[in-house]
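Report on the structure given below.
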Amino acid sequence: MFKGNIKTVIGILFLGLISMGAMAISAGLSSIAAAYPDVSIETIQTLITIPALVIVVVSFLSGPIANVISKKTLSLIALCIFTAGGCIPFFSDSFTVLYFSRLLVGLGIGLLQPLSQAIIFESFADAPSERDTILGWLNSSGSVGSIIMTIIGGIVVVISYKYIFLVHLLGLAAFFGVLFCLPQDQPVRKKKEGTAGQKMKLPGAVFYWYAVIFVYMTFLHCFAVNLSLFVEGEGIGTAAISGIGLSMLTIGGFICGAVYGKIANALKKWTLPAGFLLSALGLLSMALAYSPILVYVSGLLTGVGMMMVFPQIITNIISSVSPAAITLCIAINGAVVNIGQTLAPYVVTRVSYILAGGSVRGRYYVCTLILMLIFAVSAVRTIGRRSPGDLAAA
């Protein structure tokens, strides 16, 4: 099927396994909070979001480092950092150590995220259809890794909150998969001549899309950072239910990633508004949930919507800039997404308090409202757009 080496594809998919690893301990937040009663709830929530802040910084460093160290070697180093850093809290009772470990998790993921996409573009530069297929599979691979970690984490955290940190051992499987499947490459030590003279000017449309993805990601992340507190606080279930709910999020993302090409071909210019709408309906389902079923439905809808929005946003951005600026724009987009995730606990909590009081359920109602507003704006902008390729003007 692939003109490239099938082993390369397998190695790339192993890289994707931990791409969503920052959320691995989400199902255990309530148990972790109980183990550290002197630590505020907002600080506990940042255990999920602080890796995103590290990813913002490190993602910009990954490229320059790859100029002197091969991508395969750097990937293996990053997987070691992720695995060792994620497991450290199992051996310590210190919250400081726990917080430091989350920084290491962010460091590992931050190094890997740009590398996995760069390897795809380099390995399949002459086969666009295969490249797009593998990009979709990469997203699905991240969903699979997240499903594995969150389900196991939701089960073992019932024994002790410490056991949830061992889910990071999935990084070992990824390590050996990359070691044996990904071919050794040579570091790139200078810029390609074809892009050296091109300007990196970014049009206003790019900044519009950065603003959209920032607001979207900030309020969408309400699903993950409040799930454990909501499920247990409302008496819906235990951490195991939260784990399954998070798994449904990644299952939805996996399904959408696997068939994204067909979805986009069918919905065309309405793919992005549809993604916003499904995301809003996902959060609304959570706001209305009084049983595990709606929690699961919420996760599924939110995951599908998210995986429809992300590729459309990046396509809109790329269509607005010169080839020389594409890599920079992708890095900025990733940074904006992770900043939104990092700020989510603070922004959502304060905005929700103003609009709906202090209840966790109220947060989901407020976030639903924000995403519905984004959907409305997107739908209005989409009306009258003549072709799905006219993305920059949408």
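- Side-chain contact of S30 with E232: a donor-acceptor pair under 3.5 Å is present, judged by distance alone.
- How far CD1 of I339 is from CG of L343: 7.0 Å, rounded to the nearest 0.5 Å.
- Taking OG from S75 and CD1 from I69, the interatomic distance works out to 11.0 Å, rounded to the nearest 0.5 Å.
- Two residues are said to be in side-chain contact when any heavy atoms from C-beta on lie closer than 4.5 Å; I263 and M308 meet this criterion.
- Put simply, the side chain of S279 does not reach to within 4.5 Å of the side chain of L301, judged on heavy atoms.
- Considering every non-hydrogen atom in both L98 and P89, the closest pair reads CD1-CG, 3.6 Å.
- Around atom OH of Y99, more than 12 heavy atoms belonging to other residues, nucleotides or ligands sit under 6.0 Å away.
- Geometric assessment of R363 against the ring of F219 yields a negative cation-pi assignment under the 6.0 Å and 45° thresholds.
- What you find for F207 and L202 is that their closest heavy atoms are CE1-O, 3.7 Å.
- Annotation: side chain of V348 is in contact with side chain of C367 (closest heavy-atom distance under 4.5 Å).
- Applying the ring pair (Phe, Tyr, Trp, His ring centres under 6.0 Å) definition to pairs two or more places apart or across chains, those involving residues 11-44 are Y36-F95, Y36-Y161.
- Between L169 and C87 there is a side-chain heavy-atom pair separated by less than 4.5 Å.
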Would you check, one step at a time, whether the test side-chain contact (heavy atoms from CB on, under 4.5 Å) holds for L300 with I251?
-> CA-CA 7 Å; L300 190 64; I251 288 173; 4.3 Å; yes
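- Atom CD1 of I383 sits about 10.0 Å away from atom OG of S378, to the nearest 0.5 Å.
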Could you go step by step and tell me if M286 and T368 meet the side-chain contact (heavy atoms from CB on, under 4.5 Å) rule?
-> CA-CA 9 Å; M286 183 67 76; T368 298; over 6 Å; no
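- Linking Ile, Leu, Val, Met, Phe, Trp and Tyr residues whenever their side-chain heavy atoms come within less than 4.5 Å places I370 and V377 in a single cluster.
- With hydrogens and angles disregarded, a donor-acceptor distance shorter than 3.5 Å links the side chain of S141 to the backbone of L13.
- When all heavy atoms are compared, the tightest approach of L182 to K72 is O-NZ, 2.7 Å.
- Here the side chains of I109 and S19 are not in contact, with every heavy-atom distance at 4.5 Å or above.
- Between F165 atom CZ and I25 atom CD1 the span is 5.0 Å, to the nearest 0.5 Å.
- Side-chain N or O atoms of S94 include one that pairs as donor or acceptor with a backbone N or O of V97 at under 3.5 Å.
- Within the 3.5 Å criterion, the main-chain N or O of C80 finds no donor-acceptor partner in the side chain of T83.
- Taking the side chain as every heavy atom from C-beta outward, L288 and R361 never approach each other to under 4.5 Å.
- Take Y216 and apply the ring-ring contact (aromatic ring centres under 6.0 Å, His included) test, not counting sequence neighbours, and it matches F276.
- Two residues are said to be in side-chain contact when any heavy atoms from C-beta on lie closer than 4.5 Å; M248 and V297 fail this criterion.
- Between L103 atom CG and I55 atom CD1 the span is 11.0 Å, to the nearest 0.5 Å.
- Residues L371 and F375 fail the side-chain proximity criterion, which asks for heavy atoms closer than 4.5 Å.
- Applying the side-chain hydrogen bond (donor to acceptor under 3.5 Å, both in side chains) test to pairs two or more places apart or on separate chains, those with a residue in residues 348-360 are E42-R350.
- For K162, the side-chain hydrogen bond (donor to acceptor under 3.5 Å, both in side chains) partners two or more places apart in sequence, or in a different chain, are D93.
- Note: the hydrophobic cluster containing L179 also contains I81 (ILVMFWY, side chain heavy atoms under 4.5 Å, direct or indirect links).
- Side-chain N or O atoms of S146 include none that pairs as donor or acceptor with a backbone N or O of G142 at under 3.5 Å.
- Residues A34 and P37 come closest through the heavy atom pair O-CD, 3.6 Å.
- With R102 contributing its side chain and L47 its backbone, the two residues share a donor-acceptor pair below 3.5 Å.
- Grouping the Ile, Leu, Val, Met, Phe, Trp and Tyr side chains by contacts below 4.5 angstrom, directly or via other members, places V215 with V206.
- Taking CZ of F90 as the reference point, atom OG of S101 lies at 13.5 Å (rounded to 0.5 Å).
- Minimum heavy-atom separation, W270 to A379: CH2-O, 3.8 Å.
- Counting Ile, Leu, Val, Met, Phe, Trp and Tyr side chains that sit under 4.5 Å apart, directly or through other members, L229 shares a hydrophobic cluster with I41.
- Within the 3.5 Å criterion, the main-chain N or O of V360 finds no donor-acceptor partner in the side chain of N226.
- Between the side chain of S298 and the main chain of L294, no donor-acceptor pair closer than 3.5 Å is present.
- In terms of hydrophobic clustering, with Ile, Leu, Val, Met, Phe, Trp and Tyr side chains grouped at heavy-atom distances under 4.5 Å, I32 and F91 are assigned to a common cluster.
- Judged by distance alone, the side chain of Q45 and the main-chain N or O of V225 form a donor-acceptor pair under 3.5 Å.
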Please test I313 against Y210 for side-chain contact (heavy atoms from CB on, under 4.5 Å), starting from the C-alpha separation and ending with a verdict.
-> CA-CA 9 Å; I313 291 285; Y210 287 151; over 6 Å; no
For F310 and M217, run side-chain contact (heavy atoms from CB on, under 4.5 Å): C-alpha distance rounded to whole Å, both residues' side-chain angles, the deciding distance at 0.1 Å, then the answer.
-> CA-CA 10 Å; F310 281 178; M217 202 62 227; 3.4 Å; yes
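- Nearest heavy-atom pair, Y364 versus L283, reported as atom, atom and distance to 0.1 Å: CB-O, 3.9 Å.
- Residues S70 and T73 bring a donor and an acceptor atom of their side chains to less than 3.5 Å of each other.
- In this view, H168 and F82 satisfy the ring-ring contact (aromatic ring centres under 6.0 Å, His included) rule, not counting sequence neighbours.
- Tracing side-chain contacts under 4.5 Å through hydrophobic residues (I, L, V, M, F, W, Y), one never reaches L373 starting from V380; they form parts of separate clusters.
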